[in-house]
J.: 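My structure is below; once you've seen it, I'll send some questions.
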Amino acid sequence: MSIFWNLGWFFKQHWLRYSCCVLFLILVSLAELLPPWIIGDLVDEVQQGSITFASVLQSSLLIAFIGLAIYALRNGWRIMLFGGAIELGRVMRLRLFHHLTRMSPEFYQRHNTGDLMAHGTNDVRAIEMTAAEGVLTLVDSMIAGSAVIIAMILVCGWEMTVAALLPFPVMAWLMFRYAGLLHSRFKLAQEAFSDLNNRVQEAVSGVRAIRAHDLNRSQMQKFAAQSETTVAANMQVARIDAMFDPTISICVGVSVLGSLSFGAWRIDSGLMTLGELTTFTIYLGLLVWPMFAFGWLFNIVERGNASLNRLQSLMGEKSGVVDSELETVKSLDGDIRFDIKCFTYPGADKAVLGQLALTLTKGQFVGICGRTGSGKSTLLRLLLRQYDDAAVSIQLNGVDHQQFSLDQLRSRFALVAQEPFLFSATIAENIAFGKPLASRAEIEQVARLACVHDDIVQFKDGYETMLGEKGVNLSGGQKQRLTIARALLLDADVLLFDDAFCSLDMQTEARILDNLITSGQQKTIVLITQRLTNLNKADQIVVLDQGRISESGAHRELIAGNGWYARIFKRQSLAIKTSG
Ligand code: ATP
Ligand code: MG
């Protein structure tokens, strides 16, 4: 029952709703006790021959009125209870989503998308169910059950009641055992569902690669195997589920048999009237639901517990990057100094960056190049605090960047990542993603700077063109330029381009760079690129080699230095000349 304790914060927040709900449930339980008592009296009147039309009419009207009252009360508690559960689901999903937005990339390395989605759907649903049906079965099994038992004792004495309740301890013990089994099996079933979700998510998002490599059949086989595992895990749950109802039915049957036999003997012995036994039998009928509720309570609570444990362990994971609580107002606008002793990714055994000192001067255009895997993107990840490390010190305007809150820090940078990411929304919405209130004129201005305006107006719906998931209906170059436009719209001091021009031809790349340099916004531009031919305009060029700076300086100095830069630059220039 620890789940009710764990969800206590929610019940406390909505105490009025839940108090009314419990009150209504109690009133319904009490109101239900009245008709059997009225009927019992009528039976006794029939037996004694004292029944009149007036008393039948009066009793019938009273029963009808009680029925209407029960109808209204039931309606009320259902709306309140199930409404509360839906609200709990909303709050839990919101918390989960907030948690996910604060997690570092390392967390996403450990958890797949499908698994995270399963937590937000299946597990939250199981918890919602506990907050609705769990509360209902708890109140009904305890309060309605106790009310019926007390009424039984009052009407027919404790002997009859004990006879009726004899199978109850056996049933409680069995329920307890089933619940233990259900907990572990339900947890396995939820995990299997997470894995299945992962497979579907990967297959659907990678459908182009799957088709291109003709992997349909092997993917089908993997999916079928995972489906079977999920089915098997759910069958294990169903097997336990299937034991609850029959066990309760048998116990109820034994109870009815015992009390009827004992009641018949008591009437025969003159210890009880026929009317009392009628009332008792109807009460016994009323006890069936609390008994089922009791069994169902164990079932629901264990499902909710297993899911809440899964969710809590996910939400309990701390980000490797601790956000600074201080909303310092110190300016971030200034030089950026990297002072790195070394950096190793969490869980990796080899350092990717070695001793490295680098200053990005405010307002300058800095080019970073070097072999693939040399640590260029890693530098940006550290700058944006996707990872923290004691051996890494980055200062913004002389202040350690860990002193700023993450929101404050990240809002100063506009990153165009190596892989463009677009949302399934219109082109205008995609560009204005970081500034949703931007006017159409602002959107068009950045689209022109990113050289994508002419492409956009060629589409039938122009800026209102709906993009498919991840922008499937665009070319690679169009996607890149849209993400560049999106970054330009942000109110950032530093533009970070991580190989963001690789799908564009050289002329377009040069035009965009010229637009940025001449737009007069005095922003610092950091351009990571494999194409050196556009770096001759850079104020400073840094060449990385195996996590260290191997060359740095202006274009002319590096050419004169005759190192990796000069070699690759000459080779690329030659390739352009021969192809042109
Ligand atoms: P490219 O030009 O191909 O984009 P890069 O210079 O940007 O290369 P990085 O992405 O910085 O290279 O990666 C540097 C090294 O760090 C690579 O060897 C890579 O395998 C490793 N690496 C990158 N991300 C992780 C990670 N999350 N965990 C462990 N190692 C990583
Ligand atoms: Mg990279």
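Read the numbers this way: they start at 1 and go in the same order the structure lists the ligands and their atoms.
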J.: Please state the angle at the Mg ion (ligand 2) spanned by OG of Ser377 and OE1 of Gln418: what is it, rounded to 10 degrees?
T.: 90°
J.: Considering only protein heavy atoms, which is closest to atom 3 (O) of ligand 1, and at what distance to one decimal place?
T.: Thr372 OG1, 2.5 Å
J.: Within the structure, does at least one protein heavy atom fall under 4.0 Å of atom 10 (O) of ligand 1?
T.: yes
J.: For Ser374 and Leu353, which heavy atoms make the closest approach, and how far apart are they?
T.: O-CD2, 4.4 Å
J.: What I want to know is whether Asp499 and ligand 1 share at least one N or O pair that is separated by under 3.5 angstrom.
T.: no
J.: Report, in ascending order of atom number, the atoms of ligand 1 lying under 4.0 Å from any heavy atom of Gln418.
T.: 1 (P), 4 (O)
J.: Can you confirm whether more than 12 heavy atoms, excluding those of Phe433, are under 6.0 Å from its CZ atom?
T.: no
J.: Do ligand 1 and Gly373 have nitrogen or oxygen atoms that lie under 3.5 Å from each other?
T.: yes
J.: Return the residue, atom name and 0.1 Å-rounded distance of the protein heavy atom closest to atom 15 (C) of ligand 1.
T.: Val352 CG1, 3.6 Å
J.: Decide yes or no for Gln201 and Asn112: does some side-chain heavy atom of the first lie under 4.5 Å from some side-chain heavy atom of the second?
T.: no
J.: Tell me: protein heavy atom nearest atom 27 (N) of ligand 1, and distance?
T.: Gln109 OE1, 3.0 Å
J.: Evaluate the side-chain proximity of Met466 to Asp461: yes if any heavy-atom separation is below 4.5 Å, no if none is.
T.: no
J.: Could you go through Arg102 and Ser319, starting from their C-alpha distance and side-chain angles, then the distance that decides it, and tell me whether this counts as side chain to side chain donor-acceptor pair (under 3.5 Å)?
T.: CA-CA 7 Å; Arg102 312 304 295 176; Ser319 171; over 6 Å; no
J.: As an exercise, identify every atom of ligand 1 less than 4.0 angstrom from a heavy atom of Gln530.
T.: 2 (O)
J.: Would Ala348 count as a polar contact of ligand 1, with the cut-off being nitrogen or oxygen pairs under 3.5 Å?
T.: no
J.: Looking at His401 and Arg385, what are the two nearest heavy atoms and their distance?
T.: NE2-CG, 3.1 Å
J.: Under a heavy-atom criterion of less than 4.0 Å, does Tyr387 contact ligand 1?
T.: yes
J.: Under 4.0 Å and counting heavy atoms only, is there anything from the protein next to atom 19 (C) of ligand 1?
T.: no
J.: Going by atom types only, do Glu317 and His111 share a side-chain donor-acceptor pair under 3.5 Å?
T.: yes
J.: Do Asp123 and Ser307 have side-chain atoms, one donor and one acceptor, less than 3.5 Å apart?
T.: yes
J.: Identify the protein heavy atom lying closest to atom 7 (O) of ligand 1, giving its residue, its atom name and the separation to 0.1 Å.
T.: Ser377 OG, 2.7 Å
J.: Could you see which bit of Thr378 sits under 4.0 Å from ligand 1, with heavy atoms only: side chain, backbone, both or neither?
T.: both
J.: Sort out for me which residue in Asn122, Leu311, Asn305, Asn6 forms a side-chain contact (heavy atoms from CB on, under 4.5 Å) with Ile127.
T.: Leu311
J.: Set out, in order, the CA-CA distance, both residues' side-chain angles and the distance that settles side chain to side chain donor-acceptor pair (under 3.5 Å) for Glu429 and Thr426, then state yes or no.
T.: CA-CA 5 Å; Glu429 283 164 344; Thr426 65; 3.3 Å; yes
J.: Distance to 0.1 Å, residue and atom name: give those for the protein heavy atom nearest to atom 22 (N) of ligand 1.
T.: Tyr345 CE1, 3.3 Å
J.: Quick one: nearest non-hydrogen protein atom to atom 2 (O) of ligand 1, plus distance?
T.: Lys376 NZ, 2.8 Å
J.: More than 12 heavy atoms of other residues, nucleotides or ligands under 6.0 Å from OH of Tyr108: is that the case?
T.: yes
J.: Please verify whether a non-hydrogen atom of Glu106 lies at under 4.0 Å from ligand 1.
T.: no
